[in-house]
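Report on one structure; see the data block that follows.
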Amino acid sequence: LWKATKDEIETHQLHSQNIGYQMPTSILKWPGNGVTAMGVAAQLAPYIDLNNNGIYEPQLGDYPDISGDEAVYIIMNDESYMPDGNQLRIEIHAMFYQFSTGNYLNNTTFLNLQVINRSNINYMNYHQSIFMDFDIGNYSDDYIGCSPEKNLLFAYNGDDIDELNVGEGYGANPPCQGVVSLSHPLKSGAYIMYDGLNSTSDTSFWLMQNSFWGDTTPWLNPLTNQVTDFIYPDNPNNPNGWSEEAIGNPPGDRRGMITIYEPSFRPNTVICSDYAFIY
């Protein structure tokens, strides 16, 4: 994890060439370049390259190129020191960032994902999912739902009081939480149940991404008996809709997943997506 702040960067811009300036580790160690001799890409985390030579040189004034007032950068891939032949050669660059404001943005965390295909394979029917274990205060009394028209998965308390549970709980007027796809329309929105309909196997997750239960049966809206891509898609304030509130489910621990889709993922290309985690 690499964390950098706007304040650190602005100070670095002003004082990087001053005698006695102590460069923060966050700027010094920013992973702008990879060691190509080890098979790592030359360009990794984004940075401002003042002399445009393709080398991250903070001692010459270069600095991380972040979003927001504070950002955390993560790089992940499926390489292995003992390759088994199943590596996709997919690399994920994630930038989580926040703004310091006096409005709703102060309670919002943003995520930019850059997914890089470093293989020579054109992957078809690319699905990408965000898994959410909401745990709003007391995790044992929640509901879940989605809003396809808003590209939103959300969770909320099952009643008006979020009771204490091991020291956690908001009490009266508990908040709700959600994740919004800002860049892509949702292909599906799932409520994940760890029972006979779902499991944690690769096959089960692939089925959920494609709107099937783990036993390969399609999702059905019980009010219309129609195949659907979204579980509990209606406003909980609508007494006639398909929501946990309307049908009177007992509250409990809730986990969910949203999925976006691209028809193909060509070699040496990047799929960019953006999300907001709202509270």
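- Neither side chain, S16 nor Q59, offers a donor N or O lying under 3.5 Å from an acceptor on the other.
- Between W30 and Y73, the distance separating the two ring centers is shorter than 6.0 angstrom.
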For this session: Start with the C-alpha gap between Y232 and W242, add the side-chain angles, then the distance that decides, and say whether ring-ring contact (aromatic ring centres under 6.0 Å, His included) holds.
Result: CA-CA 5 Å; Y232 304 131; W242 185 30; 5.3 Å; yes

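- Inspection of the D215 and T217 side chains reveals an N or O donor paired with an N or O acceptor under 3.5 Å.
- In summary, the side chains of Y261 and N125 do present a donor paired with an acceptor at a separation below 3.5 Å, with no hydrogens or angles considered.
- Side-chain atoms of D274 and N112 form a donor-acceptor pair, as typed in the model, at a separation below 3.5 Å.
- Side-chain polar atoms of T259 and Q209 form no donor-acceptor pair below 3.5 angstrom.
- Side-chain contact between I231 and C146: absent, with no pair of heavy atoms (C-beta onward) separated by less than 4.5 Å.
- A donor-acceptor contact shorter than 3.5 Å links the side chain of D69 to the backbone of S100.
- Using modelled atom types, no side-chain atom of S264 and backbone atom of R266 make a donor-acceptor pair closer than 3.5 Å.
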For this session: List the steps, then state whether side-chain contact (heavy atoms from CB on, under 4.5 Å) holds for I116 with I90.
Result: CA-CA 6 Å; I116 307 166; I90 296 296; over 6 Å; no

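- Side-chain contact between V72 and Y97 is absent, with no heavy-atom pair separated by less than 4.5 Å.
- The closest donor-acceptor contact from the side chain of N106 to the backbone of T101 lies under 3.5 Å.
- In summary, the side chains of S26 and E8 do present a donor paired with an acceptor at a separation below 3.5 Å, with no hydrogens or angles considered.
- With N249 contributing its side chain and E244 its backbone, the two residues share no donor-acceptor pair below 3.5 Å.
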For this session: Take D253 and S140 through the side-chain contact (heavy atoms from CB on, under 4.5 Å) test and state the conclusion after the steps.
Result: CA-CA 5 Å; D253 191 6; S140 65; 5.8 Å; no

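- In this structure, M257 and M208 have side chains that are in contact, with non-hydrogen atoms separated by less than 4.5 Å.
- When all heavy atoms are compared, the tightest approach of N86 to D78 is O-OD2, 4.4 Å.
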Exercise. Between F154 and V179, is a side-chain contact (heavy atoms from CB on, under 4.5 Å) present by the stated rule, with each step listed?
Worked result: CA-CA 6 Å; F154 60 89; V179 55; over 6 Å; no

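- With no hydrogens or angles considered, no side-chain donor-acceptor pair links Y21 and Q17 at under 3.5 Å.
- Using a 4.5 Å heavy-atom cutoff, the side chains of D49 and N51 are in contact.
- With I130 as the partner, the side-chain contact (heavy atoms from CB on, under 4.5 Å) test is satisfied by one option alone out of I258, I260, L153: I258.
- With contacts defined as side-chain heavy-atom distances shorter than 4.5 Å, the pair P251/D159 does not qualify.
- Judged purely by distance below 3.5 Å, without hydrogens or angles, the side chains of N221 and T228 never pair a donor atom with an acceptor atom.
- Remark: aromatic rings of Y126 and F265 are close, center separation under 6.0 Å.
- Contact of the Q114 side chain with the E91 side chain is not registered, since no non-hydrogen atoms from C-beta on lie closer than 4.5 Å.
- With salt bridges taken as basic N to acidic carboxylate O contacts below 4.0 Å, one links R89 and E79.
- Ring pair Y143/Y156 is perpendicular by interplanar angle, where above 60° counts as perpendicular and below 30° as parallel.
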Problem set entry | Working for side-chain contact (heavy atoms from CB on, under 4.5 Å), residues L44 and I75 | CA-CA 8 Å; L44 294 176; I75 300 175; 4.1 Å; yes

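- Classification of the H127-W206 ring pair by plane angle, with boundaries at 30° and 60°, yields perpendicular.
- The backbone N or O of D234 lies less than 3.5 Å from no partner atom in the side chain of S243, so there is not a single donor-acceptor pair.
- Here the side chain of Y104 pairs no donor or acceptor atom with the backbone of I278 at under 3.5 angstrom.
- A donor-acceptor pair under 3.5 Å is absent between the side-chain atoms of D142 and the main chain of R254, judged by distance alone.
- More than 12 heavy atoms of other residues, nucleotides or ligands lie within 6.0 Å of CG in N18, so this atom counts as buried by the packing criterion.
- Residues I9 and I66 are in side-chain contact: their nearest non-hydrogen atoms beyond the backbone lie under 4.5 Å apart.
- Considering only heavy atoms from C-beta on, I92 comes within 4.5 Å of L113 through its side chain.
- Taking OG of S181 as the reference point, atom CD of Q128 lies at 8.5 Å (rounded to 0.5 Å).
- Between H12 and Y63, the two ring planes are perpendicular [angle over 60°; tilted spans 30° to 60°].
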